[in-house]
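Here is the structure we will look at.
Note that ligands are numbered from 1 as they come in the structure, with each ligand's atoms numbered from 1 the same way.
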Amino acid sequence: MENIDWGSLGFNYMKTDCNARYTYTDGKWSEMEITDSEYIQMHMSASCLHYGIELFEGLKAYRGADGKVRLFRVEENAKRLQSSAKRLCLPVPTIDMVVKACIEVVKRNERFIPPYGTGASFYLRPVMFGTTAGLGVKPAKDALLIVYGSPVGAYFKGGIKPMKVAIDREQDRAAPRGTGDVKVGGNYAASLMSGENAHELGYSSVMYLDATEHRYIEECGAANFFGIKDNTYVTPKSQSVLPSITNKSLRQLALDLGLKVEERHIDIEELPTFEECGACGTAAVISPIGSIYDMDTKKTYSYGDEVGKISLQLYNRLLDIQYGRIEDPHGWTTIVL
Ligand code: PLP
Ligand code: COI
């Protein structure tokens with residue numbers, strides 16, 4: 001695409017050539033349908049509009065140093081989509097359906113896949129929702145699964161520059177045994193108010209604490225949290241945190257680099273002991289955390305203005321695999337083009 005300034009893309013939607021769709025009606029899924037329409041026609045009483053019966057995924061395709069286009073851990077996203085669908089009593093698509101749609105959308109929108117070296121990538125957004133018209137609160141019998149994509153730049157404008165985050169206890173993102181561990185729209189709606197408040201005060205993101213005691217770290221905006229100390233990668237274990245595929249990958253890469261890995265409760269009292277902290281996710285990649293401000297205690301925990309050594313090693317290793325600069329030791333990538 002000659003008139004896209006790839007280097008200055010933000011994390012925004014851009015219209016591409018087409019998207020892929022599956023419809024669930026009368027107890028079965030349709031074949032995959034490809035359309036150039038960005039719109040859907042839906043009944044005003046569709047269950048997703050009233051009761052939040054909606055879920056989504058996010059993954060990326062990268063044009064590598066060798067010119068090939070790779071999807072990163074697409075089956076993992078498909079599995080997580082299945083667990084979100086189960087949680088919302090929606091019909092569960094097969095892994096194959098999701099993977100096939102992602103591959104098709106990448107192939108058919110090749111001209112929107114940013115060139116290697118621009119820092120941009122092609123973000124895929126599978127989204128699924130209940131479409132049954134009705135009034136009562138009950139599971140949807142009909143659903144639509146759409147996979148579309150958009151070229152994107154960095155989610156956090158600072159890139160790999162450390163960001164400021166704030167601990168806010170005013171609103172929780174997710175409750176224990178709620179829906180925090182699945183990727184459903186309601187979690188994001190619940191996080192908006194605290195997110196906006198933090199942005200207005202100059203913070204990039206909110207650090208959420210557990211909803212019971214407000215003592216343990218959960219996650220950081222739309223990304224998981226990790227801390228590094230004593231040659232150990234530490235990340236929260238909680239039933240209300242989204243199981244991040246980036247975090248899962250970083251745990252493996254940390255082990256590969258000879259670090260220890262701990263998944264456990266992280267009390268905020270432990271924050272001063274970390275040498276490095278970061279947020280990780282598909283959109284966030286690794287966003288180092290420079291400081292954490294606690295809005296209640298007014299304490300600030302600082303980690304410096306430069307990305308930490310281990311965070312940078314992990315970041316480089318992850319991108320090396322995603323951009324095909326090194327061999328893919330764990331079989332995480334799918335070459336599409
Ligand atoms: N946590 C939340 C709440 C998210 O929205 C995301 C983004 O997907 C993540 C964590 C990171 O997950 P992943 O690495 O699978 O993108
Ligand atoms: C992702 O990292 O893929 C996300 O879904 C984050 C997002 C909600 C923008």
Could you pull out, from G185, A222, S244, G281, the option with a heavy atom nearest to atom 7 (C) of ligand 2? A222
For [X], counting its heavy atoms only, list the atoms of ligand 2 lying under 4.0 Å from any of them.
{"X": "Y188", "result": "8 (C)"}
{"X": "K183", "result": "4 (C), 5 (O)"}
{"X": "Y123", "result": "1 (C), 3 (O), 4 (C), 5 (O)"}
{"X": "F11", "result": "9 (C)"}

Please tabulate, one pair per line, all N/O donor-acceptor pairs under 3.5 Å involving side-chain atoms of residues 123-134, not counting sequence neighbours.
| from | atom 1 | to | atom 2 | distance (Å) |
| --- | --- | --- | --- | --- |
| Y123 | OH | R125 | NH2 | 2.9 |
| R125 | NE | E57 | O | 2.9 |
| T131 | OG1 | D142 | O | 3.4 |
| T132 | OG1 | K141 | N | 2.8 |
| T132 | OG1 | D142 | N | 2.8 |
| T132 | OG1 | D142 | OD2 | 2.6 |

Check contact between K60 and ligand 2, using heavy atoms of the residue and a distance below 4.0 angstrom. no
Is it true that the side chains of N197 and S194 contain a donor and an acceptor less than 3.5 Å apart? no
Are H214 and D296 linked by a side-chain donor-acceptor pair shorter than 3.5 Å? no
Value for CG (D96) from CD (E75), rounded to nearest 0.5 Å, stands at 9.5 Å
Do K164 and Y203 form a cation-pi contact, if we require the NZ or CZ to be under 6.0 Å from the six-membered ring centre and within 45 degrees of the ring's axis? yes
So if I apply the side-chain contact (heavy atoms from CB on, under 4.5 Å) rule between S244 and each of L250, T282, T235, N224, which one comes out positive? N224
Hey, which of N231, I310, D230 is the one that makes side-chain contact (heavy atoms from CB on, under 4.5 Å) with E275? D230
In order of chain and number, which residues sit within 4.0 Å of ligand 1 by heavy atom? R80, R173, K183, Y188, E219, G221, A222, A223, N224, L242, S244, I245, T246, C280, G281, T282
Hey, is the main chain of T179 close enough, under 3.5 Å, to the side chain of N187 for a donor-acceptor pair? yes
Pairwise side-chain contact, P176 with D210, heavy-atom cut-off 4.5 Å (strictly under): no
